[in-house]
Every structure is written in structure tokens, then in C-alpha cells.
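Below is one structure, written out as C-alpha cells, with a few remarks after it.
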Amino acid sequence: MRIGIMSAMNEEIQSLIDSVESPKVKTLGNRKYYHGKLWNHETVLVFSRWGKVASASTAATLILKYNVDLILFTGVAGAIDKSLNIGDIVVGDHFYQHDMDARPFFEKFEIPLIGSSFFSSNKEVNIKLKAAAESFLASNEISNEIKTKFDIKAPKVIIGTIASGDKFVSSTAESNAIKTALPKVMCVEMEGAAVAQVCSEYEIPYGIIRTISDSANHTADIDFLLFTKEIANKYSIGIIKNFLTL
Ligand code: ADE
């Protein structure tokens with residue numbers, strides 16, 4: 001079993017990359033792939049860069065060049081549903097591309113020639129990711145200082161719908177428009193649904209887990225920068241380590 005692990009930012013994956021035992025490093029298509037053992041599992045780690053194209057090409061490379069059997073994506077997202085707070089965790093089960101609109105040829109959000117407007121991730125992987133994230137939250141690895149700074153009170157893990165698009169969502173008007181058009185969406189990011197499409201088309205199981213870094217509103221840029229700088233890596237390594245070891 002070989003597991004591909006990817007994130008859109010260094011701030012979300014560097015501490016995991018640093019934990020790979022004597023990795024074989026290879027550069028392909030402007031990405032660095034780290035192939036080696038991570039807590040006794042054969043893994044290939046990569047920082048994919050932002051957006052749907054960057055993450056899709058990286059996922060395809062993991063599948064075609066490294067023959068991974070599973071892809072895990074870890075990173076941050078902006079909250080779209082009002083019930084979510086900074087520090088909560090979303091395991092994605094359905095993935096929409098909120099910027100897909102090929103009307104009048106296809107319905108709004110429908111992925112042309114796929115016959116659907118969303119992709120579904122692997123149920124067993126999601127249950128395991130949720131347990132890994134819950135155990136991370138229960139482990140007190142997030143300091144009180146960080147909890148106070150980000151107003152993290154009783155963080156929770158949910159399984160739910162994620163929307164992806166090539167847009168950093170930073171206004172209530174944009175968030176409300178996504179929620180109105182796709183009411184089940186819990187959070188927004190820029191890669192998950194692209195990775196979901198590639199994995200679905202190659203029939204490779206995948207799991208995508210996102211920590212809420214901001215509320216996709218007028219303070220999203222500041223909240224996002226601070227969260228990714230200070231704590232995103234801690235969430236990623238905590239969750240993925242639990243996934244691989246529990
Ligand atoms: N990732 C984290 N926060 C985001 C936001 N507000 N919009 C898009 N992607 C994000």
C-alpha cells in the first residue's frame with residue numbers, strides 16, 4: 001500500500017515532509033516528490049501549489065508516476081456554514097467545483113461529460129480520517145496560547161460537503177452566493193474537487209481533510225495568513241500521524 005499525501009502550501013505539509021525517513025527526492029513538473037517511510041508506511045509527499053490545475057496535475061503524477069493506492073490531501077479551508085469556527089475540521093465526503101459553469105451546454109456546476117456535479121470520496125477513509133482528527137483535537141497538542149489567539153473553544157470534526165474553485169473567497173457576499181447555490185457546502189478551498197475528479201477518473205480512493213482557517217469573509221486574508229503561518233502544520237502532522245498509526 002503506497003499512500004500519496006499532498007497539500008497546497010508548504011505551511012500545510014513541511015513538518016510531514018521533514019518526518020519522512022531518508023526520502024528519495026525527485027522533481028517532476030515543477031513539484032518535489034518525497035518518497036519514503038512515514039511511521040512505517042510507504043508514502044510519497046508533495047507540496048502541490050494552489051488551485052485546481054496545480055493540484056490536479058500533482059494528483060495525476062502521484063497516480064501515474066508513483067502508482068499510489070490512496071491519496072490524502074490535508075490543508076485549510078474557509079468556513080461557509082455558520083456552524084463552523086476557526087479550528088474546526090471538515091472531512092470532505094462530496095466535492096463541488098463552485099466555479100464550474102458550462103451553461104447553456106450543461107447545468108450549472110455539472111462537470112462536462114461526467115454527468116454529475118460532484119465527486120464522492122471513500123467512506124472508510126473518511127471514517128478513519130475523522131477518528132484521526134478527533135484524537136488529535138483531544139490530545140492537547142494545540143497550546144492554550146494558540147487556542148486563545150484564534151478563539152478556538154470546543155473544536156469539532158464533521159464529515160460534509162466541500163466546494164472548490166480558483167478563487168480565494170474573502171467576502172460575505174461571495175460566501176452567501178456559494179451557500180445559496182450549493183446549500184450543503186460547509187467550507188470552501190481551492191483544490192479538493194480537482195483532486196477528487198482526478199482520483200475518481202483513475203478510480204483511486206482518496207480522502208480530503210480541511211481545518212477551518214478563516215470564515216471566507218472580509219477578515220479571511222488576515223485570519224488565513226496567521227493560521228497557516230502558526231498552526232496549519234501542527235494540524236496536518238497531528239491528523240496524518242494518527243491516520244497512519246492508530
Ligand atoms: N482556503 C482557506 N481559506 C480559503 C478561502 N477563504 N477561500 C478559498 N480557499 C481557502
Side-chain angles (χ1 to χ4, degrees), residues 5-14 47-56 58-59 72-101 109 118-119 121 129 133 142 146 149-152 155-158 160-197 206-236 238-240:
I5 302 174
M6 56 188 289
S7 296
M9 300 171 74
N10 256 328
E11 289 85 342
E12 296 162 330
I13 201 167
Q14 192 58 48
F47 149 46
S48 71
R49 303 186 174 209
W50 297 30
K52 302 207 310 295
V53 173
S55 57
T58 307
L72 298 177
F73 192 111
T74 168
V76 298
I80 291 289
D81 194 86
K82 300 266 185 293
S83 66
L84 290 176
N85 303 305
I86 291 176
D88 287 346
I89 298 173
V90 179
V91 178
D93 61 352
H94 296 105
F95 294 86
Y96 287 88
Q97 296 176 16
H98 69 77
D99 54 356
M100 176 59 76
D101 188 352
F109 306 121
F118 64 87
F119 297 95
S121 49
L129 276 174
I142 310 166
I146 289 285
K149 194 166 190 171
F150 292 96
D151 198 22
I152 299 174
K156 57 188 174 291
V157 186
I158 63 149
T161 300
I162 294 180
S164 312
D166 287 320
K167 177 88 184 72
F168 185 81
V169 179
S170 56
S171 73
T172 307
E174 286 172 274
S175 307
N176 287 348
I178 293 172
K179 191 69 177 167
T180 303
L182 297 165
K184 287 196 175 144
V185 169
M186 301 304 288
C187 65
V188 68
E189 35 85 314
M190 300 175 67
E191 297 83 18
V195 172
Q197 180 168 351
Y206 63 96
I208 296 171
I209 188 155
R210 295 285 190 172
T211 303
I212 301 301
S213 58
D214 62 84
S215 297
N217 58 10
H218 61 290
T219 61
D221 52 349
I222 297 163
D223 296 339
F224 168 86
L225 279 179
L226 202 63
F227 194 92
T228 50
K229 182 169 159 244
E230 300 214 2
I231 186 74
N233 250 304
K234 200 146 203 154
Y235 270 84
S236 283
I239 295 165
I240 297 295

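Counting starts at 1 for both ligands and their atoms, following the listed order.
Side-chain N/O atoms of Asn176 and Thr172 include no donor and acceptor closer than 3.5 Å.
Residues Tyr96 and Ala193 come closest through the heavy atom pair O-CB, 3.4 Å. Nearest approach of Arg210 to Phe73, heavy atoms of both residues: NH2-CE2, 3.1 Å.
Using a 4.5 Å cut-off on side-chain heavy atoms (C-beta onward), Leu72 and Ile240 make contact. The closest side-chain heavy-atom distance from Ile142 to Ile231 is below 4.5 Å.
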Output block, N or O contacts of ligand 1, threshold 3.5 Å exclusive:
residue, atom, partner, partner atom, Å
ligand 1, 3 (N), Gly78, N, 3.2
ligand 1, 3 (N), Asp214, OD2, 2.6
ligand 1, 6 (N), Val169, O, 2.8
ligand 1, 6 (N), Asp214, OD1, 3.0
ligand 1, 7 (N), Val169, N, 2.9

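Tyr206 has its ring centre no less than 6.0 Å from the ring centre of Phe119.
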